[in-house]
Novice: 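The structure that follows is given in the form of structure tokens.
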Amino acid sequence: MLSCAARLVRAQIQSKPTACWVVAARGYADIVDEATFTTSEYALHKLDEGPSQTVTVTRDDALKYYRQMQTIRRMETAAGNLYKSKVIRGFCHLYSGQEACAVGMEAALTPNDHVITAYRAHGWTYTRGVPPVNILAELTGRKSGVAKGKGGSMHMYGHNFYGGNGIVGAQVPLGAGIALALKYKGSNDVCVALYGDGAANQGQVFETYNIAKLWDLPCIFVCENNGYGMGTAVERASASTEYYTRGDYVPGLRADGMDVLAVREATRFAAEWCRSGKGPLLIEVATYRYHGHSMSDPGTSYRPREEIQEMRKTRDPITGLRERLISVNLATAEEMKQIDLDVRAEIDKAVEQAKADPELPVEEMYNDIFVDEPPFKVRGTNPFMYGMSK
Amino acid sequence: MAALQTLARRCSTSILKRHFSVSSPVAAQMTVRDALNTAMNEEMKRDESVFLLGEEVAEYDGAYKVSRGLWRKYGDKRVMDTPITEMGFAGIAVGSAMAGLKPICEFMTFNFSMQAIDQVINSAAKTYYMSAGKQTVPIVFRGPNGAAAGVAAQHSQCFAAWYGHCPGLKVVSPYSSEDAKGLLKSAIRDPNPVVCMENELMYGTVFEMSDEAMSEEFLVPIGKAKIEREGTHCTLVSHSKSVGLCLEAAQILEKENIFCEVINLRTIRPMDEETLINSVKKTNHLVTVEGGWPQFGVGAEIVAKVMESDAFDYLDAPVYRVTGADIPMPYAATLERATLPGTQDVVLTVKKSLHIQ
């Protein structure tokens, strides 16, 4: 019994993206500089028109997206293995399968735009500019981690990237607040606030839609619908699973989250919408996660293995892009294989460092309580032990 | 006899000297409400990124008129009325602080902050630590805290202990107009998240303001208590409205030649332990006074701090706590009065501490 979103993603197989034209020769000299594809339809809510189904991508961009998605995939796999060997502890929510969402959205944004997401954040931390080694080192709790090991999986921050948030739904009002600041400062930038199908029912999300619409905040709400809120399939949690309509008076659209170019096009549309002062927009990306909710969840007690296998086989975002690129001679199989090898080497090296680097010395645990504060005493675990907070 | 001598002294000075008639300058006076209003006005004037949001803060001039005139002066951009959605607007306020603004987020009372408390603690207080110093949250949460008059159980809770519990948060609790102005200004300028707990019943109370307090650069440092009244026999420590209670009790006790030292904490977190401990070493007796509930309260924390400090050896009696009664606040006037500590509670407890009948 496939979940609703899995069915949705599967349904989009019917209108599988096709190339508009194919170059017959296979030699390297015949590699093209750009190609055009057709995405599947976008469902629209309170929009007269939506993103274009005709998407053009340059060779350079396509290879960049490929490399980024592959990096996330390998990084998450490495994290899963580190978790199984108990080098990573606590929570670890893997993004494998959802790579096209982060990479596709980032492709339509600039580093001056702002992003906030929930706890399935490693992929976003990477696309926002944090090197994999610092992500992995944060997961292993070392001082070379992006938060010096003090945050862990769910609390990684970067430039114009506000985490990594552990409380389901709390990041959505925060995202609208960031958008408020952007508008207040007269900036042309937007904030993307992501949440999952589980968080989509949170009251504070609706409170945020209300204020964002009232105040015309440049906020793109993105529901990464992967079909399951932890172990609960969407149709068991939501009276309405049309998440792109849940913003009611906030216009919305649904895009195929397994197609990096569709995601990019949808984001481009949304960013232009927000930048032109029309207020917020909601994008639902229909996507899928291969692993369980977190590393404590095998992910197979509430969905059939066949479903996961089928997704991997027929809807994988990385395979999908690879096939497209080869089919129109945008890239050769050999050079993409080389990218695979490069990425593997980079991640392997990062893993070694993440395992070898030391943790913060214990005295430093008292730091970063307050900013701009002269050093002050902080109580330890017994009345005779104090640290100094700097 | 003494009066005659005084009269003679007065006559002689007036005969022997010529005075210029000089009227001493009348000290400025300000209500707590106006002090808070002035603080916000001055800080909004000084820094473009400071803004106020909350329910009824703009066009209504504030539910308790604390933000009177600010919307008229600064407009929609800087003073924003929000819908009645605490979790949403508190989260939005925190997000705006993360992105570089300096919001003042008003809760109509801190009772309603419970709906948004996750944003205050998990999104605001802990973020600087979790990000290892990368992400600051320069926000102020303010509003009336504790009991008012006849508003019953859901509208009368004191949140000093709850917010004071959390590392990463600063928590202030002004008593006088000077406290209110100086602490709120410090809170707004502080790049850390600060909870400023006011008191509705004090909004209309008039206090004298020194020249210094009237200046635009007047700040009261966060983390420093004030000795409101010096004494030798017993230390009374309190915050917010209860400071007034302690001062009244001290006056009553003075008539019986018992001289209390009254400490106004001003800041709940970080608490000024040093002032407390030095006072206890001087007086050897300590009574804490607060409006909130006893269990796990501000007084309980003070007792623990003193027990573990070297002031313990100076105590001649256990530290006692005067608190609100351990019940949800009743509505009926007599019952409400009996639920909140009065001067008689403080007087009785001081005497118990001093082993006086």
Side-chain angles (χ1 to χ4, degrees), chain A residues 114 116 143 145-152 154-158 160 162-167 169-182 184-185 191 193 202-212 214-215 217 360 364 367-373 376-378 383-384 389, chain B residues 48-49 51 53 76-78 80-101 103 115-116 118-119 121-139 167-170 190-193 222-223 270 273 304-305 307-309:
Chain A
H114 300 239
I116 188 168
K143 68 180 194 186
V146 63
K148 300 186 192 162
K150 295 172 92 165
M154 300 185 293
H155 308 294
M156 302 194 198
Y157 296 77
N160 291 349
Y162 304 80
N165 288 274
I167 307 297
Q171 75 279 10
V172 179
L174 293 178
I178 294 160
L180 172 67
L182 294 173
Y184 188 105
K185 295 195 248 194
C191 182
Q202 276 261 319
Q204 57 187 320
V205 171
F206 293 92
E207 294 186 14
T208 307
Y209 293 153
N210 183 45
I211 294 182
L214 263 180
W215 295 355
L217 300 182
L360 268 188
E364 291 191 36
N367 294 345
D368 308 317
I369 304 279
F370 292 133
V371 65
D372 284 357
E373 195 83 1
F376 60 97
K377 258 168 51 169
V378 175
F384 314 101
S389 184
Chain B
E48 267 278 305
S49 62
F51 73 99
L53 84 167
D76 287 333
K77 182 182 174 188
R78 311 278 305 277
M80 306 174 195
D81 277 336
T82 64
I84 310 173
T85 54
E86 272 76 7
M87 197 160 181
F89 73 71
I92 282 173
V94 174
S96 75
M98 289 178 170
L101 297 185
Q115 306 207 285
D118 175 67
Q119 296 290 1
I121 305 302
N122 279 324
S123 301
K126 297 178 185 173
T127 293
Y128 190 67
Y129 188 86
M130 291 192 296
S131 67
K134 277 200 161 86
Q135 180 63 62
T136 57
V137 189
I139 188 168
L169 210 55
K170 294 191 185 180
D190 201 309
N192 295 289
I222 295 177
E273 280 182 46
K305 278 175 163 37
M307 289 290 283
E308 288 178 345
S309 74

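Just so we're on the same page: letters track the sequence lines, and every chain starts at 1. Just so it is clear, the values below take in all heavy atoms, side chains as well, and ignore hydrogens, waters and symmetry mates.
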Novice: When only pairs under 4.5 Å are counted, which of A/Ile178, A/Thr208, A/Asn165, A/Val371 shares the most heavy-atom pairs with chain B?
Specialist: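 Most heavy-atom pairs under 4.5 Å with chain B: A/Val371.
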
Novice: Is A/Lys377 salt-bridged to B/Glu273, cutoff N-O under 4.0 Å?
Specialist: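 Salt bridge between A/Lys377 and B/Glu273, a charged N being under 4.0 Å from a carboxylate O: no.
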
Novice: Looking at OG1 of B/Thr82 and CG of A/Asn210, how far apart are the two atoms once the value is rounded to the nearest 0.5 Å?
Specialist: 10.0 Å

Novice: Is it the case that the side chain of A/Lys185 and the backbone of B/Ala99 share a donor-acceptor pair, with hydrogens and angles ignored and the cut-off at 3.5 Å?
Specialist: yes

Novice: Which heavy atom of A/Ile369 sits nearest to which heavy atom of B/Gly168, and what is that distance?
Specialist: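 Nearest pair, atom of A/Ile369 first, then B/Gly168: CG2-N, 3.7 Å.
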
Novice: So what's closer than 4.5 Å to chain A heavy atoms on B/Gln115: side chain, backbone, both or neither?
Specialist: neither

Novice: Working to the nearest 0.5 Å, report the span between CG of B/Leu53 and CH2 of A/Trp215.
Specialist: 5.5 Å

Novice: With chain A, which of B/Glu86, B/Arg78, B/Gln119 has the greatest number of heavy-atom pairs at distances under 4.5 Å?
Specialist: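 The residue among B/Glu86, B/Arg78, B/Gln119 with the greatest pair count is B/Gln119.
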
Novice: How far apart are the closest heavy atoms of A/Ala147 and B/Met130, and which atoms are they?
Specialist: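 In terms of heavy atoms, the two residues are closest at CB-O, 3.3 Å.
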
Novice: Looking at A/Glu207 and B/Gly88, what are the two nearest heavy atoms and their distance?
Specialist: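 Distance-wise, the nearest heavy atoms are OE1-N, 2.6 Å.
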
Novice: Does the B/Lys134 side chain pair with the main chain of A/Val146, one donor and one acceptor, at a distance under 3.5 Å?
Specialist: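 Present.
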
Novice: Side chain, backbone, both or neither: which part of A/Glu364 has a non-hydrogen atom closer than 4.5 Å to chain B?
Specialist: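 Contact with chain B: none, neither part.
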
Novice: Report the distance from atom OG of B/Ser131 to atom OH of A/Tyr162, rounding to the nearest 0.5 Å.
Specialist: 12.0 Å

Novice: Which answer fits B/Ser309, side chain, backbone, both or neither, if we ask what part of it has an atom under 4.5 Å from a heavy atom of chain A?
Specialist: neither

Novice: Considering all heavy atoms of both residues, which atom of B/Ile92 and which atom of A/Ile211 are nearest to each other, and what is their separation?
Specialist: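 Heavy-atom minimum between the residues: CD1-CG2, 3.5 Å.
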
Novice: Considering only heavy atoms and a distance below 4.5 Å, find which of B/Asp190, B/Asn122, B/Asp118, B/Thr136 pairs most often with chain A.
Specialist: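 Highest number of pairs under 4.5 Å: B/Asp118.
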
Novice: Below 4.5 Å from any heavy atom of chain B, which atoms of A/Asn367 appear? Answer side chain, backbone, both or neither.
Specialist: backbone

Novice: Hey, could you give me the NZ/CG distance between B/Lys126 and A/Asp368, rounded to the nearest 0.5 Å?
Specialist: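 Here the rounded value is 16.0 Å.
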
Novice: What is the minimum heavy-atom distance between B/Glu308 and A/Pro383, and which atoms define it?
Specialist: OE2-CG, 3.6 Å

Novice: Any idea which heavy atoms bring B/Leu169 and A/Phe370 closest together, and the distance?
Specialist: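 Closest pair (atom of B/Leu169, atom of A/Phe370, distance): O-CZ, 3.6 Å.
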
Novice: Could you look at A/Ile167 and say if it's the side chain, the backbone, both or neither that has a heavy atom under 4.5 Å from chain B?
Specialist: side chain

Novice: If I take atom CZ from residue B/Phe89 and atom CG from residue A/Leu180, how far apart are they, to the nearest 0.5 angstrom?
Specialist: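 Separation between the atoms: 13.5 Å.
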
Novice: What residue, out of A/Ala212, A/Gly164, A/Pro173, has the most heavy-atom pairs lying under 4.5 Å from chain B?
Specialist: A/Pro173

Novice: Which residue out of A/Gly151, A/Ala176, A/Gly163, A/Ala170 racks up the most heavy-atom pairs below 4.5 Å with chain B?
Specialist: A/Ala170

Novice: Do B/Lys170 and A/Glu373 have side chains that get closer than 4.5 Å, going by heavy atoms?
Specialist: yes

Novice: Nearest 0.5 angstrom please: B/Thr85 OG1 to A/Tyr209 OH, how far?
Specialist: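 Going from OG1 on B/Thr85 over to OH on A/Tyr209, the span is 14.5 Å.
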
Novice: Could you look at A/Leu214 and say if it's the side chain, the backbone, both or neither that has a heavy atom under 4.5 Å from chain B?
Specialist: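 Answer is side chain: those atoms of A/Leu214 sit under 4.5 Å from chain B.
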
